[in-house]
Amino acid sequence: MPAVLLAGGGFRRCRHVERRADLTYAEFVQQYAFVRPVILQGLTDNSRFRALCSRERLLASFGDRVVRLSTANTYSYQKVDLPFQEYVEQLLHPQDPTSLGNDTLYFFGDNNFTEWASLFRHYSPPPFGLLGTAPAYSFGIAGAGSGVPFHWHGPGYSEVIYGRKRWFLYPPEKTPEFHPNKTTLAWLRDTYPTLPPSARPLECTIQAGEVLYFPDRWWHATLNLDTSVFISTFLG
């Protein structure tokens, strides 16, 4: 089942999420920052950062570091600590669609900035900020079929370094239908096909090198279509 879902959704065209390669800051603020998501292309060059994020280099530099994993449950705050190498070698595998969110461990957002500073200093974040906010990085690595179920928070960016990530988004006034302890893959299998067109989310697949911007309080869920490396810049 996961292979069918991933193959069928991997290159689905974006629904109502524009791709912009020539966006100015004025256009960003007027057309997207407080209104709707947008995919940014070519605003930064992270080829150096990408080279440093290969499996071999990450294991060589950070294999013995302890990382903190979260569960794929929207309302759970359970954390598990283990060496990064153990996570990569034992847990970085395709998602089991029958697993519950509480049983699915995910490396994203709980990295120690000081310990990973030698990597993060090579990252060039999107150049468009918002007045009164400061950027904070969250770095992640996850297997095919994994993802974060629906949730919301402040505005931010998400860039794919390796792999592809499929996004599902709803505006703040439209709460999605989902179970907090079901993975995104299970939601895609069980709930998504039952939704009428008017109740379906905006969606798109972000390729390596592309950046998705999402406004404040937009609901979103993610699904990694491949083993993926990604980094988000939260504007808090």
Side-chain angles (χ1 to χ4, degrees), residues 1-10 12 55 65-111 138-154 156 158 160 162-172 174-196 199-206 212 214 217-232 234:
M1 177 65 73
V4 173
L5 287 172
L6 295 180
R12 179 186 295 269
R55 178 188 176 101
R65 305 289 174 88
V66 173
V67 295
R68 176 157 290 182
L69 310 179
S70 305
T71 62
N73 179 319
T74 297
Y75 302 123
S76 172
Y77 297 96
Q78 178 184 351
K79 305 291 183 180
V80 175
D81 293 342
L82 80 170
F84 178 64
Q85 183 161 348
E86 184 177 333
Y87 171 69
V88 170
E89 294 180 349
Q90 298 183 23
L91 298 179
L92 199 60
H93 49 64
Q95 173 74 46
D96 180 351
T98 65
S99 293
L100 294 176
N102 280 341
D103 302 320
T104 302
L105 295 175
Y106 194 78
F107 174 44
F108 176 62
D110 283 296
N111 38 269
S138 289
F139 182 65
I141 303 171
S146 64
V148 178
F150 279 105
H151 63 289
W152 61 264
H153 44 66
S158 180
V160 173
Y162 283 102
R164 297 167 298 157
K165 184 184 287 285
R166 188 173 172 186
W167 283 72
F168 307 91
L169 304 110
Y170 285 98
K174 196 169 185 177
T175 303
E177 178 184 339
F178 72 102
H179 189 291
N181 198 30
K182 277 194 172 185
T183 63
T184 304
L185 189 60
W187 173 86
L188 183 61
R189 178 195 61 190
D190 301 333
T191 304
Y192 183 94
T194 69
L195 299 175
R200 291 195 171 186
L202 279 68
E203 59 181 281
C204 58
T205 296
I206 309 301
L212 174 73
F214 49 88
R217 296 178 179 266
W218 272 66
W219 288 92
H220 53 279
T222 61
L223 180 69
N224 297 296
L225 301 181
D226 315 289
T227 298
S228 299
V229 178
F230 41 92
I231 185 167
S232 291
F234 295 110

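Hydrogens, waters and symmetry mates are skipped; everything else that's a heavy atom, side chains included, is used. Just so we're clear, the structure is a prediction, and the values are computed from it rather than from any experiment.
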| Atom CD of E89: over 12 foreign heavy atoms under 6.0 Å |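 Counting neighbours around CD of E89, more than 12 heavy atoms of other residues, nucleotides or ligands fall under 6.0 Å, so yes.
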| request: Give a yes or no on whether R65 atom CZ has more than 12 heavy-atom contacts from other residues, nucleotides or ligands under 6.0 Å away. | output: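 More than 12 heavy atoms, drawn from other residues, nucleotides or ligands, come within 6.0 Å of this atom.
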Taking the side chain from [X] and the backbone from [Y], do they hold a donor-acceptor pair closer than 3.5 Å?
{"X": "T222", "Y": "V148", "result": "yes"}
{"X": "W152", "Y": "T175", "result": "no"}
{"X": "D226", "Y": "R164", "result": "yes"}

[X] side chain near [Y] side chain, heavy-atom distance below 4.5 Å:
{"X": "L91", "Y": "F107", "value": "no"}
{"X": "S158", "Y": "V160", "value": "no"}
{"X": "P201", "Y": "W167", "value": "no"}
{"X": "P171", "Y": "W218", "value": "yes"}
{"X": "Y192", "Y": "R200", "value": "yes"}
{"X": "Y162", "Y": "T227", "value": "no"}

How long is the gap from [atom1] on [X] to [atom2] on [Y], to the nearest 0.5 Å?
{"X": "S99", "Y": "L185", "atom1": "OG", "atom2": "CG", "answer": "9.5 Å"}
{"X": "L105", "Y": "Y87", "atom1": "CG", "atom2": "OH", "answer": "8.0 Å"}
{"X": "R166", "Y": "T184", "atom1": "CZ", "atom2": "OG1", "answer": "10.5 Å"}
{"X": "D103", "Y": "D96", "atom1": "CG", "atom2": "CG", "answer": "9.5 Å"}
{"X": "F84", "Y": "L69", "atom1": "CZ", "atom2": "CG", "answer": "10.0 Å"}
{"X": "S146", "Y": "I141", "atom1": "OG", "atom2": "CD1", "answer": "11.0 Å"}

| said: Does the plane of the ring in F230 sit parallel, tilted or perpendicular to the ring in F108? Use 30° and 60° as the thresholds. | reply: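 It falls in the tilted class, 30° to 60°.
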| query | Between F178 and F150, what is the ring plane arrangement, given parallel below 30°, perpendicular above 60°, and tilted in between? | reply |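 Plane angle between 30° and 60°, so tilted.
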| Pick one: which of N73, T71, N224 meets side-chain hydrogen bond (donor to acceptor under 3.5 Å, both in side chains) with Y106? |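 The residue from N73, T71, N224 that satisfies side-chain hydrogen bond (donor to acceptor under 3.5 Å, both in side chains) with Y106 turns out to be N224.
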| field | Nearest non-hydrogen partners of G163 and S228, listed with the distance | value |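 Heavy atoms of G163 and S228 come nearest at CA-OG, 3.8 Å.
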| field | Nearest heavy-atom neighbours spanning A199 and K174 | value |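 Taking A199 first and K174 second, the nearest heavy atoms are CA-NZ, 4.0 Å.
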| message | When you compare the side chains of K165 and T205, does any donor N or O come within less than 3.5 Å of an acceptor on the partner? | response |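 Not at all, the side chains of K165 and T205 share no donor-acceptor pair under 3.5 Å.
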| message | Can you see whether T183 engages T104 through a side-chain donor-acceptor pair at a distance of less than 3.5 angstrom? | response |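 Checked: T183/T104 side chains show no N/O donor-acceptor pair below 3.5 Å.
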| field | Chi angles and distances behind the ring-ring contact (aromatic ring centres under 6.0 Å, His included) call for H153, F214 | value | CA-CA 10 Å; H153 44 66; F214 49 88; 5.4 Å; yes
